[in-house]
Chemist: 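Below is a structure I'd like to ask you about.
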Amino acid sequence: MSYLSELAGANLGVAQAAITTLATMLTIGVAFLSKPSVATLYWSCGLALSMVATLGVVAGDLNDLESLRRACLGILLGAPALLWSGFRAFWGMRPFGWIGPVFGASAGVALATATDITVFVVAYRMAYFGASVFALLLFLDWLRVPARRQDRAVLPLAIVSVAFFAAGVASLGAGVLYPPSGGDDFALQRPVSSVGMLIYVACAMVAILGIAIRDTSFARTPATQSDWHRFEDVAADRLRRAQRTAESWSVVYIQLDDAADIRQTAGAATFAALSARLEREARAIFPADSEVGTPPAAGGTVFLVPRPDAVVRDCLRAVLQRVPQLDVDGRLAIRPTASAGWAPASVLGYDLDALVYTAREAAGLAAEKGGDRWEKVSAALVEGLLNRTELR
């Protein structure tokens, strides 16, 4: 027990302060400043709160300021709720951002005003259990959608969240089975909870940084190019076979309008989530045997559709009608719309590169005309593109 008491002293406090400070600096510098959004704001606030509270605990220990130490211990327990709010915002859910500050402030006041050590131990066990509930909620939100479960960056945090909740239940259960009798009851609780919070913050930092950097060029280009090459091989082969029988095929290029404005006002994470929703909606509308690909750094989605023009036209109308409904939380300052370019093989032939290029240019032309529309490639549009290329 004396060993654990020493572990909970200065060395553990310094380690906690170092980890939380590093996590806060990296989250603000790499995540929030480079990709400002509601999610990165909550993450930054949660880690900044843990840093300040940890420094307050260390200062209280070193200067024998018990009230300060207890208050900061309670405030520190509000960090998991803010991290949970950040991940809910990142996943396109209502964040409930007010819960973290309210919970941390309430826990801080409760612990600071608990003059009797027995009351303090009971209050701390309850507050620690409350913080662990938010860790469990994060795990449940992560588990709810299959696409989130495939996010390797969040996997360590999800596992640690379950362990955090188990520790909270064990702490509360121990308090019920063995009522507190004095300061010795806290000798084991404090080092265990401190080490647990240290691990939790470290895993949160890994998850946040993993999410923040995976959309950068050096992180996503190889995988994206590999997927695109795979799409090109399959699509080109299907077009070659379709050419023999003169089947009706088209390439459709869909992109969000006002992409730069959405990134600037709502953040890259919100834009990425909106783009993913648009792709899911389009996949659900276009025929199931369509090929779907995402060009590297192009900002749109390509569909190779083996259907007559009438079917493609109906699909385009249905997709564009659904785009304004993608902002389910109403967080965007502008109404989301999309533009589409439609390149039929009957006009351009069955060369994939030509179809994709003209479809992308047609989508750009639709966006220039105000967006929320589709533009079909015609002989006049192809002639305009050729003239533009000659002028360059």
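Only heavy atoms go into these numbers, but all of them, side chains included; no hydrogens, no water, no symmetry mates.
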Chemist: Flag the pair F303 / R283 as yes when at least one side-chain heavy-atom distance between them is below 4.5 Å, and no otherwise.
Modeler: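 A side-chain contact under 4.5 Å exists here.
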Chemist: Could you note down all residue pairs passing ring-ring contact (aromatic ring centres under 6.0 Å, His included) where residues 39-61 supplies at least one of them, sequence neighbours left out?
Modeler: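 As it turns out, the ring-ring contact (aromatic ring centres under 6.0 Å, His included) pairs with a partner in residues 39-61, which skip direct neighbours, are W43-F87, W43-F90.
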Chemist: Check whether any side-chain N or O of D257 sits under 3.5 Å from a backbone N or O of G371 as a donor-acceptor pair, and report yes or no.
Modeler: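 Not confirmed, D257 side chain does not pair with G371 backbone.
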Chemist: Can you check whether P344 reaches S248 side chain to side chain, under 4.5 Å on heavy atoms?
Modeler: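 They are not in side-chain contact.
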Chemist: Roughly how far, to the nearest 0.5 Å, is the CH2 atom of W142 from the CG atom of L140?
Modeler: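 The distance works out to 11.0 Å.
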Chemist: In terms of side-chain geometry, is the basic nitrogen of R277 or E279 positioned less than 4.0 Å from the acidic oxygen of its partner?
Modeler: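 Here R277 does not pair with E279 in a salt bridge, since their nearest N and O are not under 4.0 Å apart.
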Chemist: Set out, in order, the CA-CA distance, both residues' side-chain angles and the distance that settles side chain to side chain contact (heavy atoms under 4.5 Å, CB included) for K376 and D309, then state yes or no.
Modeler: CA-CA 10 Å; K376 186 177 181 181; D309 287 1; 3.1 Å; yes
Chemist: Is D237 reaching over with its side chain to a backbone N or O of D233, donor-acceptor style, under 3.5 angstrom?
Modeler: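 Absent.
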Chemist: What residue pairs, at least two apart or across chains, pass ring-ring contact (aromatic ring centres under 6.0 Å, His included) with a residue in residues 54-76?
Modeler: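 Not a single pair qualifies under ring-ring contact (aromatic ring centres under 6.0 Å, His included).
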Chemist: Can you hop from M197 to V206 via hydrophobic side chains spaced under 4.5 Å?
Modeler: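 Each belongs to a different hydrophobic cluster.
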Chemist: Quick one, L355 and L239 - any side-chain contact, counting heavy atoms below 4.5 Å?
Modeler: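 Yes, their side chains come closer than 4.5 Å.
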Chemist: Considering only heavy atoms from C-beta outward, does the side chain of T301 approach that of L278 to under 4.5 Å?
Modeler: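 No, side chains not in contact.
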Chemist: Is any side-chain N of the basic residue among R69 and D64 closer than 4.0 Å to the acidic one's carboxylate O?
Modeler: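 Judged by the 4.0 Å cut-off on N to carboxylate O distance, R69 and D64 do not form a salt bridge.
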Chemist: Enumerate, atom names and distances included, each donor-acceptor pair closer than 3.5 Å involving a side-chain atom of residues 153-177, sequence neighbours excluded.
Modeler:
residue, atom, partner, partner atom, Å
S161, OG, L157, O, 2.7
S171, OG, R125, NH1, 3.4
S171, OG, Q189, OE1, 2.7
S171, OG, Q189, NE2, 3.3

Chemist: First locate atom OG of S44, then atom CG of L83, and finally report the distance between them rounded to the nearest 0.5 Å.
Modeler: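 S44 OG to L83 CG: 10.0 Å, rounded to 0.5 Å.
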Chemist: Can you list every pair that meets side chain to side chain donor-acceptor pair (under 3.5 Å) and has a residue in residues 76-87, with sequence neighbours left out?
Modeler: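 Only W84-D141 qualify under side chain to side chain donor-acceptor pair (under 3.5 Å).
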Chemist: Determine whether E375 and R373 satisfy the following criterion, side chain to side chain contact (heavy atoms under 4.5 Å, CB included), listing intermediate values before the conclusion.
Modeler: CA-CA 7 Å; E375 191 77 23; R373 57 181 293 160; 3.4 Å; yes
Chemist: Tell me, do I75 and L49 make a side-chain contact under 4.5 Å, heavy atoms counted?
Modeler: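 The answer is yes, as the side chains (C-beta and beyond) meet within the 4.5 Å cut-off.
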Chemist: Measuring from atom CD of E281 to atom CG of L320, what distance do you get when rounded to the nearest 0.5 angstrom?
Modeler: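 One gets 12.0 Å once the value is rounded to the nearest 0.5 Å.
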Chemist: Please check if V311 and V305 belong to a single hydrophobic cluster, counting links between Ile, Leu, Val, Met, Phe, Trp and Tyr side chain heavy atoms closer than 4.5 Å.
Modeler: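 Cluster IDs for V311 and V305 differ.
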Chemist: Examine the side chains of W342 and S250 and answer whether a donor and an acceptor come within less than 3.5 Å of each other.
Modeler: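 Present: a donor and an acceptor within the cut-off.
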Chemist: Please identify each residue that fulfils side-chain contact (heavy atoms from CB on, under 4.5 Å) with V109, with sequence neighbours left out.
Modeler: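 side-chain contact (heavy atoms from CB on, under 4.5 Å) check on V109 returns T113.
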Chemist: Nearest 0.5 angstrom please: I254 CD1 to S275 OG, how far?
Modeler: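 Output value for this atom pair is 11.5 Å.
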Chemist: Tell me the closest heavy-atom pair linking S67 and A112, and the distance in Å.
Modeler: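 Shortest heavy-atom contact: O-CB, 4.1 Å.
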Chemist: Determine whether D227 and T294 satisfy the following criterion, side chain to side chain contact (heavy atoms under 4.5 Å, CB included), listing intermediate values before the conclusion.
Modeler: CA-CA 8 Å; D227 294 340; T294 304; over 6 Å; no
Chemist: Would you say the side chain of T358 lies within less than 4.5 Å of the side chain of L348, judging by non-hydrogen atoms?
Modeler: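 L348 reaches T358 side chain to side chain.
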Chemist: If you look at every heavy atom in A17 and T21, which pair is closest and at what distance?
Modeler: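 Looking at all heavy atoms of both residues, the closest pair is O-OG1, 2.6 Å.
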Chemist: Atom CZ in R322, atom CZ in R280: separation rounded to 0.5 Å?
Modeler: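 If we round to the nearest 0.5 Å, R322:CZ and R280:CZ are 12.5 Å apart.
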Chemist: Are L198 and M25 in one and the same hydrophobic cluster, where Ile, Leu, Val, Met, Phe, Trp and Tyr link if side-chain heavy atoms are under 4.5 Å apart?
Modeler: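 Cluster IDs for L198 and M25 differ.
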Chemist: Return the minimal non-hydrogen interatomic distance between A39 and G86, and the atom names on each side.
Modeler: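 Nearest pair, atom of A39 first, then G86: CB-O, 3.3 Å.
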Chemist: Can you name the residues that form a side-chain contact (heavy atoms from CB on, under 4.5 Å) with V102, not counting sequence neighbours?
Modeler: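 Counting only residues at least two positions away or on another chain, V102 forms a side-chain contact (heavy atoms from CB on, under 4.5 Å) with W98, S106.
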Chemist: Do F286 and V292 come within less than 4.5 Å of each other through their side chains, counting heavy atoms only?
Modeler: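 They are not in side-chain contact.
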Chemist: What closest approach, in Å, do L47 and A23 show between heavy atoms, and which atom pair accounts for it?
Modeler: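 Scanning both residues, the minimum pair turns out to be CD1-O, 3.7 Å.
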Chemist: Output the rest of the hydrophobic cluster of L65: all Ile, Leu, Val, Met, Phe, Trp and Tyr residues reachable through side-chain heavy-atom contacts under 4.5 Å, sorted by chain and number.
Modeler: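 Same cluster as L65: L68.
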Chemist: Any Lys/Arg nitrogen of E247 or R241 sitting under 4.0 Å from an Asp/Glu carboxylate oxygen of the other?
Modeler: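 Between R241 and E247 there is no salt bridge, as every charged N stays at least 4.0 Å from the carboxylate O atoms.
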Chemist: Do V302 and P295 come within less than 4.5 Å of each other through their side chains, counting heavy atoms only?
Modeler: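 Side-chain contact under 4.5 Å: yes.
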Chemist: Please name all residues satisfying side-chain contact (heavy atoms from CB on, under 4.5 Å) with V234, sequence neighbours left out, ordered by chain then number.
Modeler: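 Only R238, E291 meet the side-chain contact (heavy atoms from CB on, under 4.5 Å) criterion with V234.
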Chemist: Can you give me the closest heavy-atom contact between A340 and A366, atom names plus distance?
Modeler: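 Scanning both residues completely, I find the closest heavy atoms to be O-CB, 4.0 Å.
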Chemist: Between side-chain atoms of residues 126-138 and protein atoms elsewhere (two or more places apart, or another chain), which donor-acceptor pairs fall under 3.5 Å?
Modeler:
residue, atom, partner, partner atom, Å
S132, OG, F129, O, 2.6

Chemist: To the closest 0.5 Å, what do you measure between CG (D258) and OG (S339)?
Modeler: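 Those atoms lie 8.5 Å apart.
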Chemist: Going through the checks in order, is the side chain to side chain contact (heavy atoms under 4.5 Å, CB included) test met by T40 and T27?
Modeler: CA-CA 8 Å; T40 54; T27 299; 6.0 Å; no
Chemist: Would you name the heavy atoms of T20 and V201 that are closest together and state the gap between them?
Modeler: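 T20 and V201 have their closest heavy atoms at CG2-CG1, 4.1 Å.
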Chemist: Quick one: name the residues clustered hydrophobically with L41, using the 4.5 Å side-chain heavy-atom rule over I, L, V, M, F, W, Y, and just say none if it's on its own.
Modeler: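 L41 clusters with I28, F32, L33.
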Chemist: Sequence neighbours left out, what passes side-chain contact (heavy atoms from CB on, under 4.5 Å) with A236? Give chain and number order.
Modeler: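 Once residues adjacent in sequence are excluded, the partners of A236 under the side-chain contact (heavy atoms from CB on, under 4.5 Å) criterion are R240, L352.
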Chemist: So that I can tick it off, tell me whether D289 and R307 are bridged by a salt bridge, with the cut-off set at under 4.0 angstrom between side-chain N and carboxylate O.
Modeler: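 Yes, R307 and D289 are salt-bridged.
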Chemist: Give me the other members of the hydrophobic cluster that M51 sits in, counting Ile, Leu, Val, Met, Phe, Trp and Tyr linked by side-chain heavy atoms under 4.5 Å, directly or via other members.
Modeler: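 Reading the cluster by chain and number, M51 sits alongside V52, L55.
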